[in-house]
Amino acid sequence: MKVLQIKNLKKRYGEKEIIKGISFEMEKGETVVVIGPSGTGKSTMLMCINRLTEPDGGEIYLNENQITGSKHPEIFRQKIGMVFQEFNLFNHLTVLNNVMIGPMRVKKFSREKAESIAKENLKKVGLELQMHAYPAQLSGGQKQRVGIARALAMEPDLILFDEPTSALDPELVGEVLEVIKKLAREGMTMLIVTHEIGFAKDVADRIIFMENGEIIEEGVPSLILNNPSQERTRQFLAKFMEGR
Amino acid sequence: MIHFINVFVNAFPFLMDGLVFTVELALSSIAIGFVIGIIVGISRSYGKKWSYMISTGFVEVIRGTPLLVQLFIFYFALPQIGIRLSPIIASIISFSINSGAYQAEYIRGAIQSVDTGQMKAALSIGMTKWQAITRVVMPQALIKVIPSWTNEFVYLIKYTSVAYLVGVPELMAQGEFIASRNFEFMNVFLSVAIIYLVIVLFITWGFSRIEKMVRMPGV
């Protein structure tokens, strides 16, 4: 079954067209990684999928139900997790409450049930010992793992990752990537925007290369990373390797 | 000094009668103003066109005119169109509205100081905008607003003294009343000032305690 279908998605800010008609699909259990230069609309595209940013054109379907045009995007957002570059943990809540608040306030689960779901997911990301800490007391890597647990607690059909390691110190990147890899092995459907090419190679079933609001090419990692058919992809990867 | 103490002791019961009104005015106005401030502050931050325009207009009009003029409109002008209010009611209404406009601005500022990512994250787990505001943004904004809110309370305590001009027998009015009888202007008004000061210091201390209690790392 198609978990996500995007048809001719468009977004503009004023005169500038950020996304120029993007289409792709994701199967259940698939991990798709989006790479490409900064400022080419990768994050905007993610925000359009759960309509945190309102698209200007095109259609988006989750499990064959149309998200675009729905009067209640919050119903779809319950099924689409999102992990942010800047973590965006709720600063006034403890780690446990950050993860509980979704099941409790959105799904209206009882406190006990929400708490047990939260604890289970904190355990999954290895943070059950920190559950009474506040976000400000955690390292960046820990914060991002809480962010992942918060998304998981809603039992989503799809998780969107918006450069989940870009705001992290290099030595903290690994622990977050490990958690994401674990989720991939467990069959979570994930769409990941990242600059970690090595990670993309490891975790992706498919890589999409985006530039200037368009998909330039897509395919399995070995193809895109080792033998790209498009000159632009080649240039991007070459620049990237130099930078390392 | 002994003379001052004598005057103070004699005036004290009258001043306490006045203080009851002062506290009553300040407490009810800060509370009603808080409700107004929350509604107007949220509407200024998240309102659609009309609610934004109305709430912005309200804030600008109230902040752009003197408190005393507002009070006189409620007490002296409204009777001309058939609405008669007692001095205390007219005072509470005008102080509440006035304080509400200022509190709205403090609350709006606090809402703006909450990172926009908080709203995004709340929406991303499926909260409605209203849930995101009440469960995520406002709790943080209300913690951040405490210092400016303390300020507002302190101002309000002192501004209630203008209610004496419409005949509310509050602290300032009582001082005026006593001084006009015993002609001890210096000693009586010093006593009045001391009482205001003690109240204000007490409130400032109390709110700094509250602030320490509710403050959490990172907010």
Side-chain angles (χ1 to χ4, degrees), chain A residues 43 46-47 49-53 71-95 97-108 114 132-138 143 146-147 149-156 158-162 167, chain B residues 34 37-38 41-42 45-49 51-52 106-150 207-219:
Chain A
S43 295
L46 284 192
M47 298 283 177
I49 292 174
N50 64 2
R51 283 178 57 196
L52 284 183
T53 295
K71 279 217 164 77
H72 294 284
E74 68 270 13
I75 292 166
F76 289 96
R77 291 187 193 128
Q78 295 179 25
K79 298 261 121 212
I80 306 176
M82 185 163 228
V83 174
F84 299 87
Q85 183 177 347
E86 303 293 344
F87 326 124
N88 296 342
L89 298 184
F90 304 131
N91 295 320
H92 63 305
L93 299 178
T94 61
V95 165
N97 283 322
N98 260 278
V99 184
M100 269 175 73
I101 193 171
M104 203 160 104
R105 298 297 173 195
V106 177
K107 288 191 165 177
K108 314 281 183 200
H132 296 302
Y134 283 96
Q137 298 164 323
L138 302 180
K143 282 184 200 171
V146 175
R150 176 175 68 184
L152 287 173
M154 292 299 289
E155 296 171 324
L158 166 70
I159 303 184
L160 310 172
F161 290 83
D162 184 12
Chain B
F34 184 59
I38 295 245
I42 289 179
S45 309
Y46 297 109
K48 299 238 159 60
K49 195 177 163 200
S51 65
Y52 175 80
Y106 294 139
I107 288 167
R108 186 175 72 107
I111 287 174
Q112 279 178 347
S113 75
V114 176
D115 185 71
T116 52
Q118 297 285 308
M119 173 59 104
K120 276 189 197 162
L123 293 177
S124 83
I125 56 170
M127 285 191 183
T128 60
K129 194 162 184 190
W130 183 245
Q131 281 179 318
I133 292 170
T134 56
R135 298 275 172 201
V136 174
V137 178
M138 282 312 281
Q140 297 181 50
L142 289 180
I143 292 172
K144 288 172 189 246
V145 89
I146 292 174
S148 36
W149 203 70
T150 310
F207 276 105
S208 72
R209 288 290 304 261
I210 292 177
E211 200 195 340
K212 281 200 188 89
M213 265 155 47
V214 300
R215 205 157 253 280
M216 51 196 63
V219 177

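Worth saying up front: this structure is predicted, and the values here are computed from it rather than measured. What you see below is based on every heavy atom in this structure, not just the backbone, and it leaves out hydrogens, waters and symmetry mates. Per chain, numbering begins at 1; letters A, B, ... match sequence-line order.
Of the atoms belonging to Ile80(A), it is backbone heavy atoms, and not side-chain ones, that fall under 4.5 Å from chain B. Both the backbone and the side chain of Gln118(B) come within less than 4.5 Å of a heavy atom of chain A. For Phe90(A), the parts lying near chain B are the backbone and the side chain together; criterion is any non-hydrogen pair under 4.5 Å. Both the backbone and the side chain of Met127(B) come within contact range of chain A, judged by heavy atoms closer than 4.5 Å. For Glu86(A), no part sits under 4.5 Å from any heavy atom of chain B, backbone or side chain. Neither the backbone nor the side chain of Leu160(A) comes within less than 4.5 Å of any heavy atom of chain B.
Judged by distance alone, with hydrogens and angles left aside, the side-chain atoms of His92(A) form a donor-acceptor pair with the main-chain N or O of Arg135(B) at under 3.5 Å. At least one donor-acceptor pair closer than 3.5 Å links the side chain of Arg77(A) to the backbone N or O of Arg51(A). Distance alone, capped at 3.5 Å, is enough to place a donor-acceptor pair between the Asn98(A) side chain and the Leu93(A) backbone.
Heavy-atom pairs under 4.5 Å with chain B peak, among Ile101(A), Leu89(A), Val106(A), at Val106(A). Contact count against chain B (heavy-atom pairs under 4.5 Å) is highest for Arg105(A) among Arg105(A), Glu74(A), Gln78(A).
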Which is it for Val99(A) and Leu152(A) under the side-chain contact (heavy atoms from CB on, under 4.5 Å) test, yes or no, and what are the steps along the way?
CA-CA 9 Å; Val99(A) 184; Leu152(A) 287 173; over 6 Å; no
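For Tyr106(B) and Trp149(B), the distance between ring centers is not under 6.0 angstrom.
Each of Val114(B), Ile111(B), Ile133(B) was scored for a side chain to side chain contact (heavy atoms under 4.5 Å, CB included) with Met119(B), with one residue passing: Ile133(B).
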